[in-house]
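Here the structure is laid out as structure tokens; the discussion comes afterwards.
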Number of protein chains: 2
Amino acid sequence: MTKTTPGLRPQPAIGSTGAADALSPAGALRIGDVAKLVGTTPRTIRYYEEIGLLQESLPRTSGSHRLYSEEEVDRLREVMRFKQLLGVSLEQLKTLLAAEEARSAVKEQLRRGGVDANRRKGLLEEALEHVEKQLELVQARLADLTRLQEELCSARRRIRCRIEELRSG
Amino acid sequence: MTKTTPGLRPQPAIGSTGAADALSPAGALRIGDVAKLVGTTPRTIRYYEEIGLLQESLPRTSGSHRLYSEEEVDRLREVMRFKQLLGVSLEQLKTLLAAEEARSAVKEQLRRGGVDANRRKGLLEEALEHVEKQLELVQARLADLTRLQEELCSARRRIRCRIEELRSG
DNA sequence: TCGCAAGCTCACGTCAACGTAAGGATTGGA
DNA sequence: TCCAATCCTTACGTTGACGTGAGCTTGCGA
């Protein structure tokens with residue numbers, strides 16, 4: 001706690017330098033605010049954009065400061081969550097999270113009122129595939145972890161039993 | 001698949017250059033065999049030894065080739081399992097896996113017939129603490145993964161529903 | 001209008017976790 | 001005995017995932 005403690009945990013605060021709502025697009029956030037919200041650093045966000053894990057954050061401000069919508073914040077949250085829980089590389093995450101892109105493409109198409117049913121169905125099925133792939137991974141990991149947990153529990157039982165033996169025997 | 005595909009998956013084979021049982025100590029394995037068994041490389045095993053994650057593999061052959069017992073292979077398996085499932089650094093693993101050391105100390109003491117009950121109890125309680133720490137971590141991870149799984153399941157449901165709507169509506 | 005915190009773009013630094021190559025010693029089978 | 005495969009140590013290279021300035025521009029509260 002010598003410095004200013006950059007804060008690794010997500011901050012519930014929203015306003016960065018005071019009260020700041022309704023910037024250019026509705027509810028746009030700057031990179032520093034986003035970083036605090038999700039518990040990371042601006043550099044990391046830029047890096048994720050650099051390697052194509054996040055889109056290029058268009059549009060920016062009249063200058064060239066990045067602006068983020070709530071959706072993009074959610075996307076970032078997903079990225080970090082999958083990264084932490086599945087322990088996969090960012091490269092793998094790029095393909096794994098293609099689902100989100102399909103989903104947001106669906107939303108986008110919905111908003112524009114484009115009602116090409118075939119195209120929508122295609123996008124939905126694509127999204128479905130990706131989600132199923134994610135599920136497979138998550139469930140495989142869950143199975144492994146559950147086995148590990150069981151083994152640890154029985155190890156704990158055995159140890160407790162031995163201690164008990166020593167105490168009474 | 002252009003090169004020789006070093007083989008990342010654990011091999012069920014045991015004999016390395018043919019049939020090799022009963023070397024110096026009973027059932028001793030050489031580093032290459034161990035690597036194949038657990039699905040890694042000799043370099044990695046040496047590295048783990050170098051940073052103190054594995055003990056120094058004593059004794060060696062009359063030359064200075066490392067020899068491993070089944071116990072040491074199991075230890076390595078544990079290391080890799082925790083690493084993959086918990087996604088922690090090797091440094092953290094060093095403290096986290098101290099449990100195994102306590103447990104093997106107990107076994108060691110048992111084999112030697114040393115029946116200092118107090119010492120044994122101490123070791124057992126130490127092992128218990130470590131196992132409980134491991135369990136906490138595993139269970140926390142399990143909880144997070146379970147939530148993620150549920151969310152993915154409901155996302156899947158929603159997508160399927162929409163596809164169905166498109167099909168019949 | 002001014003000032004300063006926060007952003008931007010290079011570009012180099014870093015740290016963990018190994019890979020890889022060099023040069024030589026060991027092993028176990030033919 | 002001999003030799004190809006394996007192993008040894010030492011040391012430098014690499015890759016992913018950011019950290020850390022430098023030098024400059026922007027945003028915004030006083």
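Side chains are part of it too, since the values below use all heavy atoms of this structure and drop only hydrogens, waters and symmetry mates. Every chain is numbered from 1 and lettered A, B, ... according to where its sequence line falls, protein lines coming before strand lines.
- Between the CD atom of A/Gln84 and the P atom of D/dA17 there is a distance of 15 Å, rounded to whole Å.
- Taking atom CG of residue B/Asp33 and atom C1' of nucleotide C/dT26, one finds them 15 Å apart after rounding to whole Å.
- Remark: P of C/dC8 and CZ of A/Arg46 are 5 Å apart, rounded to the nearest angstrom.
- In this structure, CG of A/Leu67 is placed 14 Å from P of D/dT26, rounded to the nearest angstrom.
- When distances run from any side-chain atom of B/Arg66 to the nucleotides D/dC8, D/dC18, D/dT26, the shortest one goes to D/dC8.
- Computed from coordinates, the B/Glu50 CD to C/dA16 P distance equals 12 Å when rounded to whole Å.
- A donor-acceptor contact shorter than 3.5 Å is absent between the side chain of B/Arg162 and the backbone of A/Arg120.
- Of the two residues near DNA chain C, B/Gly63 and B/Leu90, the one whose nearest nucleotide lies more 5' is B/Leu90.
- Using a cut-off of 4.0 Å between Lys/Arg side-chain N and Asp/Glu carboxylate O, A/Glu151 and A/Arg147 are scored as salt-bridged.
- Of the possible polar contacts, none joining the B/Glu132 side chain to the B/Glu129 backbone as a donor-acceptor pair under 3.5 Å is found.
- Between the CZ atom of A/Arg30 and the C1' atom of D/dT26 there is a distance of 8 Å, rounded to whole Å.
- The CG-P distance, from A/Leu54 to D/dC18, rounds to 11 Å in whole Å.
- Across the protein-nucleic acid pair, A/Lys83 atom NZ and D/dA17 atom P stand 6 Å apart, rounded to whole Å.
- No engagement by A/Ile51 is indicated, since no non-hydrogen atom pair under 4.0 Å with the nucleic acid exists.
- A salt bridge does not link A/Asp144 to A/Arg141: none of the charged nitrogens lies less than 4.0 Å from a carboxylate oxygen.
- Nearer the 5' end of DNA chain D, as judged by each residue's closest nucleotide, is the contact made by B/Ile31, out of B/Arg43 and B/Ile31.
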